[in-house]
J.: 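Below is a structure I'd like to ask you about.
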Amino acid sequence: MVTSSQGSERRARHADLRKGKHRTEEPNENFARGFAALGELALAGVQVSARATDLATGKVLFSVDDHVVMPTASIGKVLLLVEVASRLVGASAESFTVLDRAPRDAVGDSGIWQHLQSPSLPVADLAALIGATSDNLATNVLIRHIGLEAVRARTETLGLTRTALLDLVRDHRGPDDAPQLSIGSAKELTWLFASLARGEIVSPEVSQRVVGWLSLNADLSMVASAFGLDPLAHRSPDHGLLLMNKTGTDGGVRSEVGVLRGPRASVAYAVSMYYADTMLSSRLAVLDGMRQVGLDLLEFVH
């Protein structure tokens, strides 16, 4: 239930979005469509956080509450991939280490390993499954192998204070479990992906490996739905566009972070939505708002 004070706050935020309070000092009017869509969602009670930066110059193209820590569902798996990639440097035998899935790793929803016959896969293949389908079972097996503490230590080393992978993937979260799989701020997430694209996370080799896994992502249902790419094959430029992205989906959570390269420019972006997923129309409105941001990004790079 929304109280009158909460309603007033949301109307004020919506008005601020309309007036450009959250924009950069020199707002790029190419993003007016996205701002209008995000403003409508804020008025409807959706918590919105977003940011986009020019990959070449670092200039902030637009931002909406980009410092706010939001639930980001599976996006935190990127931090796991960074730690995995850091262990596969050079001709490391770790790439070929075969891990078995165990009953305690079992989890549903996203991913295909749970539907395959093979009970064991190499570490590098599990990372590829996470990049391609956000595979939950592969995530849990890798977390068990590497440890959440190692992922947290890597996150701290990267200087991230508002972004974290908090837990295993669980079908049900109890009172003793972390309330979310991961959290993050749009500001930190755009920095992370821009740094990956520039080869600055740990090392060029590590960054390139993570980018390779993420470029397999088949989920183009959110911001990237505006780019017109083949969800199952977009590792090569298509009409001058090249994308790497990661999405996060949970009840009331839709989040995406990525880098889009085009003929005119390249951008790093992050958009997170937190909403009451009580009606299909609410979910569709959120997805449409994310698509509107995507259309603005496409116009900017293409």
Side-chain angles (χ1 to χ4, degrees), residues 1-3 5-24 27-53 60-76 162-163 179-193 219 221-226 245-258 260 267-300:
M1 180 179 294
V2 179
T3 66
S5 61
Q6 290 172 324
S8 298
E9 180 181 346
R10 286 166 181 162
R11 285 190 291 273
R13 181 183 293 116
H14 173 75
D16 287 340
L17 280 167
R18 290 290 198 187
K19 291 184 289 188
K21 177 179 177 181
H22 297 280
R23 301 191 185 194
T24 58
N28 189 317
E29 292 306 324
N30 288 342
F31 296 94
R33 173 173 40 203
F35 270 105
L38 297 182
E40 293 294 338
L41 290 169
L43 181 61
V46 177
Q47 186 173 351
V48 176
S49 180
R51 182 181 177 92
T53 61
V60 179
L61 302 172
F62 76 86
S63 63
V64 177
D65 289 343
D66 60 4
H67 64 287
V68 175
V69 176
M70 299 275 283
T72 52
S74 291
I75 285 178
R162 294 174 175 265
T163 301
Q180 303 288 342
L181 174 61
S182 78
I183 55 173
S185 75
K187 185 175 182 179
E188 287 193 344
L189 288 170
T190 51
W191 173 85
L192 176 61
F193 268 60
D219 184 7
S221 64
M222 303 182 202
V223 177
S225 66
N245 74 323
K246 182 74 187 78
T247 56
T249 300
D250 203 350
V253 176
R254 292 294 185 276
S255 188
E256 179 174 338
V257 56
L260 178 67
V267 295
Y269 66 88
V271 181
S272 293
M273 306 281 192
Y274 191 39
Y275 65 103
D277 192 12
T278 55
M279 297 184 295
L280 179 59
S281 58
S282 299
R283 181 186 300 175
L284 294 176
V286 164
L287 291 173
D288 183 64
M290 299 181 83
R291 179 180 173 82
Q292 295 306 311
V293 174
L295 289 171
D296 284 344
L297 293 171
L298 177 63
E299 185 177 279
F300 182 80

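Predicted, not measured: the structure shown is a model, and the values here were computed from it.
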J.: Without swapping roles, check the side chain of Glu188 against the backbone of Thr163 for a donor-acceptor pair under 3.5 Å.
T.: yes

J.: Test side-chain contact (heavy atoms from CB on, under 4.5 Å) on Met222 and Asn245 and set out the steps.
T.: CA-CA 11 Å; Met222 303 182 202; Asn245 74 323; over 6 Å; no

J.: Is the backbone N or O of His67 less than 3.5 Å from a side-chain atom of Arg162, with the two atoms forming a donor-acceptor pair by type?
T.: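 Yes: the side chain of Arg162 pairs with the backbone of His67.
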
J.: Taking atom OG of Ser49 and atom CG of Leu38, what is their separation to the nearest 0.5 Å?
T.: 10.0 Å

J.: So, for Phe193 and Gly258, which heavy atoms are closest and what is the spacing to 0.1 Å?
T.: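 Shortest heavy-atom contact: CD2-CA, 3.6 Å.
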
J.: Of all heavy-atom pairs between Tyr275 and Val253, which one has the smallest distance, and what is that distance?
T.: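 In this case the closest contact between Tyr275 and Val253 is CE2-N, 3.8 Å.
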
J.: Ring-plane angle category for Phe35 and Phe62, please: parallel below 30°, perpendicular beyond 60°, tilted otherwise.
T.: perpendicular

J.: Can you find a side-chain donor-acceptor pair between Thr72 and Ser182 that sits under 3.5 Å?
T.: yes

J.: Could you give the distance from CZ (Arg291) to OG (Ser221), rounded to the nearest 0.5 Å?
T.: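 OG of Ser221 is found 11.5 Å from CZ of Arg291.
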
J.: So which heavy atom on Leu298 is nearest to which on Ala226, and how close?
T.: CD2-O, 3.3 Å

J.: Just checking Tyr274: does its OH atom have more than 12 heavy atoms from other residues, nucleotides or ligands closer to it than 6.0 angstrom?
T.: no

J.: Using side chain to side chain contact (heavy atoms under 4.5 Å, CB included) as the criterion, point out the one residue from Leu61, Thr190, Val271, Val257 that pairs with Arg51.
T.: Thr190

